[in-house]
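Reviewing the structure listed below.
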Amino acid sequence: GGRGGRGRLGGLARRGPAGAVGGAIMGGAWGEAVEPGRWFTWTELERTGTGLPNVAPPDARVGLRALVAHVLDPLRDDVGQPITVSSGYRSPAVNAAVGGATGSDHIAGTNRAAADIDTDNLTSDALADRVIALGLPYDQLITYGDTSHLHVSWRGTAGRRERLYRATASSDYEEVT
């Protein structure tokens, strides 16, 4: 996983100017990345259970910061409780190991990123409803019949604003209207 944005000087990360995406830019004593937003850390956005290296490169961190600033932090502010990221950035090797789609937004870039999220007291449908009600700029919201997590992706102004449902890992995606 990531280093949680801790700098080399006493474990303190410096915040960027107020206009920075999510308040987080490159900083620290040696240009080390500070946390991507108010509520989310690099450690959780880069977490993997595969044992494979999974550190987001700089272009992916741009996309992840935007996902956090435009979708995840505002959603966390609204629900008023912690949101857990079970899968955020995936290196191509991690994505292949977990059976992710070849063009997955989890393999983030400058203008795209994705995270699988959940929270203790809301269903994935309730979280998806909140994203839509808040008017957040999502690309896809995907709920799964066999899990409690919500996939949320961001693609800047190119977002498709799709809401999909998948009953099982082997079933097709269905559009939710």
Side-chain angles (χ1 to χ4, degrees), residues 1-2 4-5 16 18-26 33-48 54-92 94-95 98 100-119 122-144 147-166 173-177:
V21 174
I25 61 169
M26 298 304 287
V34 297
E35 299 299 2
R38 292 183 311 279
W39 300 109
F40 298 91
T41 66
W42 290 121
T43 299
E44 64 189 319
L45 291 172
E46 297 173 327
R47 177 183 301 135
T48 179
N54 198 51
V55 177
D59 66 324
R61 285 188 170 212
V62 171
L64 289 163
R65 279 191 190 98
L67 172 67
V68 169
H70 298 296
V71 182
L72 298 182
D73 269 351
L75 180 62
R76 167 60 175 86
D77 289 339
D78 180 72
V79 300
Q81 60 182 301
I83 292 175
T84 303
V85 176
S86 58
S87 181
Y89 171 75
R90 296 179 190 158
S91 69
V94 168
N95 194 59
V98 301
T102 304
S104 173
D105 284 335
H106 286 281
I107 307 172
T110 302
N111 293 311
R112 66 186 187 122
D116 296 334
I117 61 172
D118 63 42
T119 189
L122 294 172
T123 65
S124 56
D125 281 324
L127 278 175
D129 290 344
R130 293 307 312 145
V131 170
I132 292 167
L134 292 166
L136 300 177
Y138 70 92
D139 176 52
Q140 287 185 318
L141 300 172
I142 305 174
T143 55
Y144 299 86
T147 69
S148 63
H149 80 264
L150 172 68
H151 168 93
V152 58
S153 63
W154 174 87
R155 286 191 179 187
T157 58
R160 296 168 284 185
R161 298 191 60 85
E162 293 180 324
R163 184 167 180 180
L164 306 171
Y165 170 77
R166 190 173 188 191
Y173 292 97
E174 301 172 29
E175 189 162 354
V176 177
T177 54

- Task: Supply the atom-to-atom distance D116 CG to I142 CD1, rounded to the nearest 0.5 angstrom.
- Result: 8.5 Å

- Item | D125 side, atom CG; L150 side, atom CG - distance, nearest 0.5 Å | 8.5 Å

- Task: Locate the shortest heavy-atom distance separating A114 from S153; write the atom from each residue and the value.
- Result: CB-CB, 3.8 Å

- Task: Run the salt-bridge test on D73 and R65 with the 4.0 Å N-O cut-off and return the result as yes or no.
- Result: no

- Task: Look only at the side chain of D59 and the backbone of G109, and say whether a donor-acceptor pair between them is shorter than 3.5 Å.
- Result: no

- Note on the structure: Rounding to 0.5 Å, atoms CD1 (I117) and CZ (F40) come to a distance of 7.0 Å

- Query: Checking N54 side chain against S91 main chain: does a donor-acceptor pair fall under 3.5 Å?
  - Reply: yes

- Atom pair NE2/OG of H151 and S124 - distance to nearest 0.5 Å: 12.5 Å

- Rounding to 0.5 Å, atoms CG (L64) and OG1 (T110) come to a distance of 10.5 Å

- Search all heavy atoms of P57 against all heavy atoms of Y89 and return the closest pair with its distance. CD-OH, 3.4 Å

- Would you say Y138 and I132 make side-chain contact, with heavy atoms under 4.5 Å? yes

- Polar side-chain atom of T143 near backbone of Y165 as donor-acceptor pair, under 3.5 Å: no

- Taking H106 for the side chain and G88 for the main chain, is one N or O donor matched with an acceptor at less than 3.5 Å? yes

- V152 versus L72: any side-chain heavy-atom pair under 4.5 Å? yes

- Message: Using only atom types and a distance under 3.5 Å, with no angle test, would you say the side chain of R38 pairs donor to acceptor with the backbone of A69?
- Response: no

- Heavy-atom closest pair, residues G37 and V68: CA-CG1, 3.8 Å

- Query: Looking only at atom types and distance, does a side-chain atom of E46 sit under 3.5 Å from a main-chain N or O of A56, one as donor and one as acceptor?
  - Reply: yes

- Query: Should L45 and P36 count as side-chain neighbours, where that means a heavy-atom distance under 4.5 Å?
  - Reply: yes

- To the nearest 0.5 Å, atom CZ of R160 lies from atom CD of Q140 at 4.0 Å

- Message: Checking W154 against D105: is there a side-chain donor and acceptor pair closer than 3.5 Å?
- Response: no

- Is there side-chain contact between R112 and D139, with at least one heavy-atom pair below 4.5 Å? no

- Between the main-chain N or O of Q81 and the side-chain N or O of R76, is there a donor-acceptor pair closer than 3.5 Å? yes

- Item | Under 3.5 Å: donor-acceptor pair, side chain of R47, backbone of V85 | yes

- Task: Please report the closest heavy-atom contact between V71 and P137, naming both atoms and the distance.
- Result: CG2-O, 4.1 Å

